[in-house]
Amino acid sequence: NPQQFVDTLRSYTMQTVGISTFITDDVASYVDKKVLTKMGRHAMNAMMRRKDEDGITVGQGATTDIGASGAVMSGGEIAAAVARIRGNTTEPSEGPIYAVFHGFGIKDIWDEITAGIGTYPVPNGFTEQTWRNGFSGSVAGAEVYDDGNITITSNNAEGFIFAREALLLVQGPVLKREVQRKAGLGGGGTQVYLYDRYVYGERSPGNWLYSMTHDASVPVG
């Protein structure tokens, strides 16, 4: 019984973001070249931060939040999100799953894993490695990433868990750089512009994407 494929057209409009730096001739004449190099690096970092924050906003727009304000993050909540994504009755995901949280929440995962230290002997293994090196890796099959760009509001942060195919990043042309000479500004100088074009999109956000609000109080021990 031959079947017919039916596709879905998705339309996205890319946004343009940019950053401008003006370097006067006076500054360029006495500042070390290494400083000028770092100025370019910081401008690039600002662009990457903006792109990351835009991605965070999309992830936080999930239909369902499985966490709660003031609730300490636990591995069980991450496992619940993974189970919902893998076992979704509309279309289960079979690809990789990722989790993005603020580091203050990930510290609670560290506490959960190392809670037994001091109570009973801990042989070499995952708990001992986490104690020495901090938590990194996966929980219930979701690869966990620390993202300090997630905003903390009233000691709470909102992370998210998603299947790889849930979020899209449509990237425009390679990062563009423009230089403009301005002799009549600041005694003469050079204006440097950096531009990037991209847009994030979603596929099946109610099935493959879940946000998780959690306590993000400053860790004290």
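Only this structure's heavy atoms are used, side chains among them; waters, hydrogens and symmetry mates stay out.
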S.K.: Check whether any side-chain heavy atom of Glu143 sits under 4.5 Å from a side-chain heavy atom of Ile97, and report yes or no.
M.R.: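 A side-chain contact under 4.5 Å is absent here.
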
S.K.: List the atom of Phe104, the atom of Pro219, and the distance in Å for their closest heavy-atom pair.
M.R.: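 Distance-wise, the nearest heavy atoms are CD2-CD, 3.5 Å.
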
S.K.: Side-chain contact, heavy-atom cut-off 4.5 Å: Asn149 with Arg49?
M.R.: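 Result yes, sub-4.5 Å side-chain heavy-atom pair found.
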
S.K.: Within a strict 4.5 Å, meaning less than it, do heavy atoms of the Val17 and Met47 side chains meet?
M.R.: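 Yes - at least one pair of side-chain heavy atoms lies under 4.5 Å apart.
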
S.K.: Is there a side-chain contact between Met39 and Ile23 in this structure, where contact means two heavy atoms from C-beta onward sitting under 4.5 Å apart?
M.R.: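 SC-SC contact between Met39 and Ile23 confirmed.
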
S.K.: Check whether any side-chain heavy atom of Asp7 lies under 4.5 Å from a side-chain heavy atom of Leu9, and answer yes or no.
M.R.: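 No - every pair of side-chain heavy atoms lies 4.5 Å or more apart.
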
S.K.: Is Asp25 salt-bridged to Lys182, cutoff N-O under 4.0 Å?
M.R.: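 So Asp25 does not pair with Lys182 through a salt bridge.
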
S.K.: Apply side chain to side chain donor-acceptor pair (under 3.5 Å) to the pair Glu112 and Ser74, showing each step before the final yes or no.
M.R.: CA-CA 7 Å; Glu112 184 177 349; Ser74 71; 5.1 Å; no

S.K.: For a quick check under 3.5 Å, do Ser211 and Glu158 share a side-chain donor-acceptor pair by atom type?
M.R.: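 Distance-only check passes for Ser211 and Glu158.
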
S.K.: Measuring from atom OG1 of Thr21 to atom NE2 of His42, what distance do you get when rounded to the nearest 0.5 angstrom?
M.R.: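 Thr21 OG1 to His42 NE2: 11.0 Å, rounded to 0.5 Å.
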
S.K.: Locate the shortest heavy-atom distance separating Gln191 from Leu185; write the atom from each residue and the value.
M.R.: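 Shortest heavy-atom separation between Gln191 and Leu185 comes out as OE1-CD2, 4.4 Å.
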
S.K.: According to the interplanar angle, ranging from 0 to 90°, do the rings of Tyr198 and Tyr200 count as parallel (below 30°), tilted (30 to 60°) or perpendicular (above 60°)?
M.R.: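 Perpendicular: the ring planes of Tyr198 and Tyr200 meet at over 60°.
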
S.K.: Is the closest side-chain heavy-atom distance between Ile150 and Val100 below 4.5 Å?
M.R.: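 SC-SC contact between Ile150 and Val100 confirmed.
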
S.K.: Applying side chain to side chain donor-acceptor pair (under 3.5 Å), run through Thr213 and Asn156 and close with a yes or a no.
M.R.: CA-CA 7 Å; Thr213 298; Asn156 288 287; over 6 Å; no

S.K.: Following the transitive rule for hydrophobic clusters with a side-chain heavy-atom cut-off under 4.5 Å over Ile, Leu, Val, Met, Phe, Trp and Tyr, establish whether Leu209 and Met73 coincide in one cluster.
M.R.: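 Not linked; separate clusters.
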
S.K.: Quick check: does any side chain N or O of Ser138 sit under 3.5 Å from a backbone N or O of Gly141, one acting as donor and the other as acceptor?
M.R.: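 Flag not set: sc Ser138 to bb Gly141 has no pair under 3.5 Å.
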
S.K.: Rounded to the nearest 0.5 Å, how far apart are NE2 of His102 and NZ of Lys107?
M.R.: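 Those atoms lie 14.0 Å apart.
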
S.K.: Quick one: pull up NZ in Lys51 and CD1 in Ile56 and give me the separation to the nearest 0.5 Å.
M.R.: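 Between Lys51 NZ and Ile56 CD1, I get 13.5 Å after rounding to 0.5 Å.
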
S.K.: If you measure only the distance, is there a donor-acceptor pair under 3.5 Å linking the side chains of Asp215 and Ser217?
M.R.: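 Checked: Asp215/Ser217 side chains pair up, N/O donor to acceptor below 3.5 Å.
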
S.K.: Establish, from distance only, whether the side-chain atoms of Glu165 and Ser93 form a donor-acceptor pair under 3.5 Å.
M.R.: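 A donor-acceptor contact under 3.5 Å links the two side chains.
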
S.K.: Quick one, Glu178 with Tyr195, criterion side chain to side chain donor-acceptor pair (under 3.5 Å). Give me CA distance, side-chain angles, the key distance, then yes/no.
M.R.: CA-CA 8 Å; Glu178 296 283 351; Tyr195 293 108; over 6 Å; no

S.K.: Can you get from Ile66 to Val82 by hopping between Ile, Leu, Val, Met, Phe, Trp and Tyr side chains that sit under 4.5 Å apart?
M.R.: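 Shared cluster, yes.
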
S.K.: Hey, any chance Leu168 and Val58 share a hydrophobic cluster, counting ILVMFWY side chains that come within less than 4.5 Å of each other, even indirectly?
M.R.: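 Looking at the clustering, Val58 is in a separate group from Leu168.
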
S.K.: Closest approach of Trp110 and Thr114, non-hydrogen atoms and distance?
M.R.: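 Heavy-atom minimum between the residues: O-OG1, 2.8 Å.
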
S.K.: Just how far is it from atom CD1 of Ile19 to atom CG of Asp196, taken to the nearest 0.5 Å?
M.R.: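 Here the interatomic distance stands at 12.0 Å.
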
S.K.: Among Met14, Gln15, Gln171, find the residue that satisfies the side-chain contact (heavy atoms from CB on, under 4.5 Å) test when tested with Arg197.
M.R.: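 Only one option passes, and that is Met14.
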
S.K.: Under 3.5 Å, is there a donor on one side chain and an acceptor on the other for Gln180 and Thr190?
M.R.: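 No - no donor-acceptor pair under 3.5 Å links their side chains.
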
S.K.: Out of curiosity, Asn45 CG to Arg50 CZ, how far, rounded to the nearest 0.5 Å?
M.R.: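 Asn45 atom CG to Arg50 atom CZ measures 15.5 Å (nearest 0.5 Å).
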
S.K.: Are any non-hydrogen side-chain atoms of Arg86 and Pro92 less than 4.5 angstrom apart?
M.R.: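 Not touching, per the 4.5 Å side-chain cut-off.
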
S.K.: Linking I/L/V/M/F/W/Y whenever their side-chain heavy atoms sit closer than 4.5 Å, directly or via other members, would Tyr145 and Met48 fall into one cluster?
M.R.: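 Yes: a chain of side-chain contacts under 4.5 Å links Tyr145 to Met48.
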
S.K.: How far does CD1 of Ile161 sit from CD1 of Ile85, to the nearest 0.5 angstrom?
M.R.: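 Spacing of CD1 (Ile161) from CD1 (Ile85) equals 7.0 Å.
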
S.K.: What about Val179 and Tyr193, same hydrophobic cluster or not, with Ile/Leu/Val/Met/Phe/Trp/Tyr joined at side-chain heavy-atom distances under 4.5 Å?
M.R.: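 Different clusters: Val179 never reaches Tyr193 through Ile, Leu, Val, Met, Phe, Trp or Tyr contacts under 4.5 Å.
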
S.K.: Please report the closest heavy-atom contact between Trp208 and Arg203, naming both atoms and the distance.
M.R.: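 The answer is CE3-O, 3.8 Å.
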
S.K.: Between Val139 and Ile109, what is the shortest heavy-atom contact and its length?
M.R.: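 In this case the closest contact between Val139 and Ile109 is CG2-CG2, 4.5 Å.
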
S.K.: Tell me, which pairs form a ring-ring contact (aromatic ring centres under 6.0 Å, His included) where one or both residues lie in residues 147-174, sequence neighbours left out?
M.R.: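 Those involving residues 147-174 are Tyr98-Phe162, Phe160-Phe162.
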
S.K.: Would you mind reporting whether Thr13 and Ser11 have side-chain heavy atoms less than 4.5 Å apart?
M.R.: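 When only atoms from C-beta onward are counted, Thr13 and Ser11 do not touch, as no gap falls below 4.5 Å.
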
S.K.: At their closest point, which heavy atom of Ile78 faces which heavy atom of Ala142, and how far apart are they?
M.R.: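 Scanning both residues completely, I find the closest heavy atoms to be CG2-CB, 4.1 Å.
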
